[in-house]
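For clarity, every value in this text was computed on a predicted model and none was experimentally measured. Letters A, B, ... mirror the listed sequences (proteins, then strands); counts begin at 1.
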Amino acid sequence: MTDRYDLIIVGTGFASSFFLKSYLEKAGTNKKVLVLERGKFHPYTERLALKRGQKRFQIKKAGQTYSSDVDKIWVFDPNFGGSSNCWTGCTPRFLPNDFKIKSLYGVGQDWPISYDDIEPYYNEVENIMAISGPEQTPFPKKGPYPLPAHQLSTVDRLLQSKYGDKYISQPTARASRTVGERGACCSSSVCDLCPVNSKFTIENGLGYIYEDPRVTVKYEAQVIGLDTQENLAKSVHYVQENTEKKADGETIVLGANAVFNAHILLNSGDSNLNTGTGICEQVGVFARLYYNDLDNVGGSSIISANGYMMYDGEHRKNYAGCIIESFNTPFVRNEAGKWRKLSIFKFIYEDLPQQENKIVLSDDERKPKVVYNSHSDYAQRGIARLPEDINKYFGFLPIEKVEIDDYSQKTEFHVCSTTKMGLTSDDSVIDKNMVHHKYRNVLVLGSSSYPSITPANPTLTLSALSLRAAEKYLA
Amino acid sequence: MTGKTGKISRRKFLWIALLTVIAAVIGTVAILDFNTVVIKMLKHDLAHLKVDETSYETFVREAEQKQHWQGKFFDWKKRQLVRFSYMVDAILPSFPYKYKYLQYRSDIVGDFLLSTDFFINKMDRDKTVTYIGLYNPYLRPCSNPFSNLYYPQKV
Ligand SMILES: Cc1cc2nc3c(=O)[nH]c(=O)nc-3n(C[C@H](O)[C@H](O)[C@H](O)COP(=O)(O)OP(=O)(O)OC[C@H]3O[C@@H](n4cnc5c(N)ncnc54)[C@H](O)[C@@H]3O)c2cc1C
Ligand code: SF4
């Protein structure tokens with residue numbers, strides 16, 4: 001005897017939670033929903049007690065959930081709320097051109113949807129997350145952000161005077177004012193667990209949906225695969241307390257992130273050649289700019305601004321676009337009187353999904369293997385230009401010295417593109433409404449759906465896509 | 001003849017000099033653990049400030065006890081880089097990754113100053129700098145001394 005549900009959702013991160021929120025609002029009161037979460041629920045208060053040294057317990061880490069032969073790491077929180085627990089809360093929208101880089105620039109793959117298709121859902125997510133952001137943005141936006149922008153630093157203000165809406169206070173889920181149970185962000189700069197609970201998390205923003213009487217949540221229940229029959233999935237196999245279990249579902253939603261969405265499909269015998277291929281993320285490089293006579297003070301939040309000067313344009317035909325983050329952690333320069341005559345910027349380059357970087361099955365059916373060669377030459381060509389670009393865009397500042405890291409960061413904490421969306425199964429795994437090309441009752445959510453990843457952070461967009469997917473599916 | 005002797009002794013001299021440098025570095029590396037290096041760096045870099053002498057010791061002790069460096073992504077490799085570079089820096093004007101070493105050194109000095117009343121006293125060089133407790137945003141949130149809270153924008 002197996003349990004039967006109208007909807008089975010895998011995971012409780014952004015992708016699943018935004019879908020579930022919309023689903024519960026639109027579906028009937030008699031619906032039965034099962035949520036399978038591989039991890040535990042570690043409430044915010046307990047995580048805080050752990051950080052303060054008041055409690056001791058182990059939180060399962062991403063590295064324990066997959067195998068890999070290479071140094072490259074993929075970081076996420078495999079527990080209730082997913083990486084909303086540890087994310088930084090940077091929420092820029094994508095630019096309209098990001099959705100058509102193949103048509104415009106001849107690289108990568110176009111999205112099967114446009115900016116206009118997603119715009120209303122961006123608004124909705126921004127309201128739910130109570131995003132703080134500026135009035136002027138480099139992307140079209142119909143109304144103001146729900147919360148006022150964070151304050152720019154003295155250096156940011158000079159850059160904004162020069163570059164206008166290409167240099168803005170960062171749109172962010174780190175609330176600039178107290179909102180509900182979330183405190184106002186006060187630049188403590190340890191956002192992996194905010195001491196004042198300022199950033200949006202699934203727990204503080206959408207935790208209530210998991211208390212809906214229609215919803216049953218099973219923890220420590222790792223989904224392994226689906227039983228499929230022709231063009232439908234019938235049931236979900238999961239392991240709980242080391243026992244294999246099965247649940248039948250009318251509709252099955254995978255929101256397990258780009259490593260596990262692909263893994264679950266591969267375990268289910270998905271023969272689409274694109275499933276699992278293309279794993280990638282942005283590539284970040286830090287640079288320090290030392291000033292002769294300019295103090296960098298007054299910024300608000302951990303990252304005060306985003307620069308778009310190197311993001312979009314004809315250069316994307318040849319090399320990667322880049323978004324700039326202006327850091328506001330309490331760094332100093334250890335020279336008397338020059339304590340803060342310093343900026344730290346991170347330059348974050350888009351990458352292109354490549355076939356040879358992929359998720360594959362391993363000997364252990366519970367552990368996917370990540371095969372990763374390297375980021376693309378396209379991204380590397382962008383990085384190689386950084387000294388020149390810093391000179392071009394920052395050269396007007398009173399710079400004494402520039403130090404650019406001669407290596408890129410190990411990770412940007414984003415996992416993308418293993419179940420891409422597209423028009424046909426020739427170049428993608430799911431359609432524009434996130435439904436699997438073959439299994440028509442399976443939706444695959446999250447940034448695994450990105451045909452191209454853009455330089456911008458992925459989570460606002462993937463959350464908007466989940467709201468859109470729920471609406472389209474129930475229409 | 002003289003030339004030949006001179007050549008040999010020059011080579012010998014270079015060898016001896018090189019071995020001395022290597023021995024000195026190995027010797028000092030063995031003697032100077034990370035905490036000692038941190039104290040030496042702080043004393044040197046903050047010589048222009050009046051720092052309460054016990055502050056340095058208390059800082060490194062508390063940092064060690066609370067595994068502060070590990071928590072700040074100052075892993076073993078980084079700590080060794082700092083230790084080793086500190087020694088090499090005294091001998092060579094330039095070496096690979098010197099810029100990284102100097103950045104880490106700034107981070108350490110920054111951490112120390114954030115653990116004192118220096119910023120609370122508005123970076124006043126005339127006031128004695130006293131240790132107030134290891135900088136920990138979970139115990140003292142909102143104390144980023146360069147943020148908008150301390151530099152509000154005038155409208
Ligand atoms: C340190 C850090 C900082 C970040 N900062 C930002 C940022 O500033 N801005 C931004 O846009 N993005 C940021 N990200 C990325 C962001 O967190 C992710 O894009 C986002 O969490 C993805 O949401 P998701 O729901 O698709 O996946 P996840 O958040 O990974 O959630 C997946 C969920 O599925 C569960 N799960 C996985 N496999 C299974 C299985 N087999 N069975 C059952 N359950 C399963 C997991 O436990 C989890 O609950 C950051 C990430 C990290 C780690
Ligand atoms: S900058 Fe500080 S206060 Fe703001 S969200 Fe991050 S940790 Fe919280």
Side-chain angles (χ1 to χ4, degrees), chain A residues 47-54 149-154 156-157 169 176 183-198 286 288 290 295-302 304 327-340 342 344 401-407 410, chain B residues 38 41-50 62 65-68 71-73 75 96-116 118-119 122-125 129 134-155:
Chain A
R47 288 176 183 260
L48 199 58
L50 180 70
K51 284 275 187 191
R52 288 184 175 148
Q54 295 157 343
H150 280 286
Q151 187 174 299
L152 294 173
S153 76
T154 42
D156 293 330
R157 271 177 255 154
S169 170
S176 60
C185 170
C186 55
S187 316
S188 311
S189 305
V190 281
C191 306
D192 65 313
L193 185 73
C194 175
V196 296
N197 203 2
S198 170
F286 275 107
R288 292 187 180 211
Y290 297 76
D295 281 316
N296 181 23
V297 293
S300 156
S301 206
I302 183 174
S304 50
F327 271 69
N328 188 39
T329 45
F331 53 81
V332 300
R333 178 175 171 178
N334 66 342
E335 291 165 71
K338 292 189 170 181
W339 303 117
R340 195 62 176 194
L342 170 66
I344 299 184
K401 181 173 64 161
V402 176
E403 276 171 5
I404 303 173
D405 278 358
D406 49 11
Y407 56 89
K410 277 190 175 168
Chain B
V38 167
M41 281 183 342
L42 291 173
K43 283 189 174 169
H44 179 272
D45 292 358
L46 301 176
H48 56 285
L49 297 178
K50 284 191 281 177
E62 212 181 327
Q65 270 165 10
K66 300 198 169 148
Q67 301 192 325
H68 175 72
K72 284 216 62 167
F73 300 106
D75 57 16
Y97 286 103
K98 180 167 178 174
Y99 83 98
K100 265 290 139 192
Y101 157 63
L102 292 176
Q103 286 180 8
Y104 296 155
R105 189 166 171 153
S106 271
D107 292 347
I108 291 168
V109 170
D111 267 11
F112 173 76
L113 289 175
L114 287 165
S115 306
T116 68
F118 179 63
F119 293 113
K122 304 236 169 293
M123 298 177 254
D124 185 344
R125 293 171 67 156
V129 177
L134 194 63
Y135 177 66
N136 179 347
Y138 291 102
L139 302 176
R140 248 193 302 143
C142 314
S143 51
N144 177 345
F146 307 109
S147 78
N148 60 319
L149 296 184
Y150 302 87
Y151 294 88
Q153 198 172 345
K154 292 176 195 83
V155 270

Structural part of [X] lying under 4.5 Å from a heavy atom of chain A:
{"X": "B:I108", "result": "neither"}
{"X": "B:F118", "result": "side chain"}
{"X": "B:K66", "result": "neither"}
{"X": "B:R105", "result": "both"}

Note to self: Is it the case that atom NZ in A:K410 sees more than 12 heavy atoms from other parts of the structure closer than 6.0 Å?
What the structure shows: no
Check: Hey, which of B:P145, B:C142, B:P137, B:S143 has the most heavy atom pairs under 4.5 Å with chain A?
Finding: B:C142
What part of [X] gets closer than 4.5 Å to chain B, counting heavy atoms only: side chain, backbone, both or neither?
{"X": "A:T329", "value": "backbone"}
{"X": "A:D405", "value": "both"}
{"X": "A:L48", "value": "side chain"}
{"X": "A:V196", "value": "side chain"}

Notebook entry, point to check: Where is the tightest heavy-atom contact between A:L193 and B:Y138, given as atom of each residue plus distance?
Noted result: O-OH, 2.5 Å
Next item on the list: Determine the minimum heavy-atom distance between A:I404 and B:Y99, stating which atoms define it.
Entry: O-OH, 3.9 Å
Who wins among [options] for the most heavy-atom pairs under 4.5 Å with chain B?
{"options": "A:S188, A:G298, A:S301, A:C186", "result": "A:G298"}
{"options": "A:R333, A:E335, A:K51", "result": "A:K51"}
{"options": "A:E403, A:R288, A:R52", "result": "A:R288"}

Check: What's the spacing between A:T154 OG1 and B:Y151 OH if we round to 0.5 Å?
Finding: 9.0 Å
Next item on the list: Any chance you could measure B:Q103, atom CD, to A:F286, atom CZ, to the nearest 0.5 Å?
Entry: 10.0 Å
Close side-chain approach of [X] and [Y], heavy atoms under 4.5 Å:
{"X": "B:F146", "Y": "A:N296", "value": "no"}
{"X": "A:S187", "Y": "B:L149", "value": "no"}
{"X": "A:V332", "Y": "B:F119", "value": "yes"}
{"X": "A:W339", "Y": "B:L113", "value": "yes"}

Check whether any side-chain N or O of [X] sits under 3.5 Å from a backbone N or O of [Y] as a donor-acceptor pair, and report yes or no.
{"X": "B:Q153", "Y": "A:Q151", "answer": "no"}
{"X": "B:S147", "Y": "A:S300", "answer": "no"}
{"X": "B:N144", "Y": "A:N328", "answer": "yes"}

Check: Who passes side-chain contact (heavy atoms from CB on, under 4.5 Å) against B:K98, sequence neighbours left out?
Finding: B:D89, B:F95, B:L102
